[in-house]
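The residues of the chain are indexed from 1 along the displayed sequence. Computed from a prediction, not measured in an experiment: that's the story for all the values here.
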Amino acid sequence: MAIVLLAILIWTRPAASMLSTPTVVSLDYCSDQYVLELADRMQIRGISQQAQEPFSYHRNRATGLPIIKPIAEAILATDPEIVVHSWAGNQYLTSILARVGIKIINISNCCDYQTIFSNFIKVAEALDQPVSSIIRDQKSLIFTLKSQPKLNMSALYITPSGTTGGIGTEIDAMIKLAGLKNMAVDLGYFGWRTISLEQIITNPPDIYIVSFFNDVQEVSHSYWSSAGNPYISRLIGKIRTVSIPSRFLSCNGMFSVKAAEYLRASLMQ
């Protein structure tokens, strides 16, 4: 079936490119966010099956749009000019799509704000959509947050699976932008690490930051992890805890600036 569609689309693709703005399909809920943020609805030929889940930031914008599986037959049947993907779509799939002239846009992992801006720019340029105001608003928010006084408190982000974000993660950037010290960095953690139960007990943070605990069917949850330990559950109940909605943190830092704003505002209440 894919071979037949491939042949048809090779023949018909020049006609499809006559549209004023290019059509697009996104393959996973992270690439969905860029497409839903930037594209006109008439451009969107399909979005992922998770576009309307609670952890999808633009889930309301996804309502009524076609849902598509990240497989060649389904994608080729919609005849898009652009396919945007983050973690979904392997090299074999993207090579098939590229053979019929579909432009492939890969979303880079966001560990810093410049990468977030670069992702916005490359998707916007492919979709022939403006992006300057989005980046300007993000930079303005970053400036505002950095201008606020630092808070003399340590914070520890903890997932349902008992991991945390250390040096070089979007979580570290979010915590620092909110004016806090990241306890994971003080512990010398690089990247994503399993939290040491002993270190939490002997040196608890001033603030816990949690997310995804209500999305139990969508995340890895281990009852053997530090997060599942009854002692830590009681400790989280005693120490100030900020629960950040999962939609702010689910896509490689894309909304980490908004997450930092949310965190800071929660602490000021």
Side-chain angles (χ1 to χ4, degrees), residues 30 33 55 57 86-87 106-120 135 138-139 141-213 215 219-222 224-229 232 235-236 239-267:
C30 286
Q33 309 313 313
F55 49 80
Y57 186 86
S86 176
W87 48 267
N106 178 245
I107 301 299
S108 303
N109 288 334
C110 303
C111 294
D112 57 76
Y113 302 123
Q114 191 55 52
T115 305
I116 297 174
F117 301 152
S118 296
N119 281 334
F120 271 118
I135 295 176
Q138 290 249 348
K139 288 183 176 180
L141 182 52
I142 290 171
F143 178 81
T144 298
L145 289 169
K146 285 185 175 180
S147 300
Q148 295 178 356
K150 300 296 182 183
L151 302 173
N152 187 29
M153 294 183 288
S154 66
L156 182 66
Y157 175 76
I158 185 169
T159 71
S161 58
T163 58
T164 191
I167 299 168
T169 64
E170 68 273 15
I171 293 299
D172 182 42
M174 173 198 70
I175 291 173
K176 290 178 179 177
L177 188 58
L180 299 164
K181 294 183 293 183
N182 186 2
M183 179 178 166
V185 171
D186 293 339
L187 293 174
Y189 289 179
F190 284 83
W192 288 92
R193 285 276 304 275
T194 300
I195 301 167
S196 166
L197 182 60
E198 290 77 13
Q199 288 175 318
I200 296 176
I201 293 173
T202 58
N203 185 31
D206 298 310
I207 298 166
Y208 278 112
I209 303 169
V210 299
S211 189
F212 295 95
F213 278 79
D215 302 329
V219 298
S220 173
H221 187 104
S222 171
W224 294 100
S225 73
S226 54
N229 187 283
I232 297 301
L235 197 60
I236 289 177
I239 293 177
R240 186 172 186 182
T241 301
V242 177
S243 179
I244 298 180
S246 57
R247 64 183 182 275
F248 288 113
L249 297 175
S250 60
C251 284
N252 298 325
M254 179 181 178
F255 301 107
S256 60
V257 178
K258 292 183 181 295
E261 179 186 37
Y262 182 96
L263 174 58
R264 180 78 186 206
S266 297
L267 295 172

Whether the side chain of S196 engages the backbone of T194 through a donor-acceptor N/O pair (distance < 3.5 Å, no angle test) should be reported.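 No: the side chain of S196 does not pair with the backbone of T194.
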Would you say N119's side chain and M254's backbone share a donor-acceptor pair under 3.5 angstrom?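 Checking the backbone N and O of M254 against the side chain of N119, no donor-acceptor pair under 3.5 Å is found.
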Kindly state whether the ring of F248 and the ring of F255 have centres lying under 6.0 angstrom apart.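 Judged by ring-centre distance (under 6.0 Å), F248 and F255 do not meet the cut-off.
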With rounding to the nearest 0.5 Å, note down the distance linking [atom1] in [X] to [atom2] in [Y].
X: Q33; Y: R247; atom1: CD; atom2: CZ; answer: 11.0 Å
X: N109; Y: C251; atom1: CG; atom2: SG; answer: 11.0 Å
X: F190; Y: I167; atom1: CZ; atom2: CD1; answer: 4.0 Å
X: I207; Y: K181; atom1: CD1; atom2: NZ; answer: 11.0 Å
X: M153; Y: I175; atom1: CE; atom2: CD1; answer: 12.0 Å
X: M183; Y: Q199; atom1: CE; atom2: CD; answer: 6.5 Å

For [X] against [Y], the heavy-atom pair lying closest together:
X: N106; Y: S86; result: ND2-O, 3.5 Å
X: A178; Y: A260; result: CB-O, 3.8 Å
X: G165; Y: A184; result: O-CB, 3.6 Å

Do [X] and [Y] have side chains that get closer than 4.5 Å, going by heavy atoms?
X: C30; Y: W87; answer: yes
X: L151; Y: R264; answer: yes
X: Y262; Y: V257; answer: no
X: Y157; Y: T169; answer: no
X: T164; Y: T159; answer: no
X: R240; Y: L267; answer: yes
X: S211; Y: L249; answer: yes
X: I244; Y: V210; answer: no

After noting the C-alpha distance and the side-chain angles of L156 and I195, does the key distance pass the side-chain contact (heavy atoms from CB on, under 4.5 Å) rule? CA-CA 10 Å; L156 182 66; I195 301 167; 4.2 Å; yes
Can you tell me if NZ on K139 sees more than 12 non-hydrogen neighbours from other groups inside 6.0 Å?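 No, the 6.0 Å shell around NZ holds no more than 12 heavy atoms from other groups.
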Pairs touching residues 161-174 that satisfy salt bridge (charged side-chain N to carboxylate O under 4.0 Å, His left out), sequence neighbours left out: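 Of all non-adjacent pairs touching residues 161-174, those that pass salt bridge (charged side-chain N to carboxylate O under 4.0 Å, His left out) are D172-K176.
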Tell me which pairs pass salt bridge (charged side-chain N to carboxylate O under 4.0 Å, His left out) where either residue lies in residues 191-210, with sequence neighbours left out.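 For residues 191-210: none.
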Applying side-chain contact (heavy atoms from CB on, under 4.5 Å), run through S243 and Y208 and close with a yes or a no. CA-CA 8 Å; S243 179; Y208 278 112; over 6 Å; no
With side-chain contact (heavy atoms from CB on, under 4.5 Å) as the criterion, how do I158 and I209 come out once you've worked through the C-alpha distance, each side chain's angles and the decisive distance to 0.1 Å? CA-CA 6 Å; I158 185 169; I209 303 169; over 6 Å; no
Between S256 and I116, does a side-chain contact (heavy atoms from CB on, under 4.5 Å) hold up when you go through it step by step? CA-CA 9 Å; S256 60; I116 297 174; 3.8 Å; yes
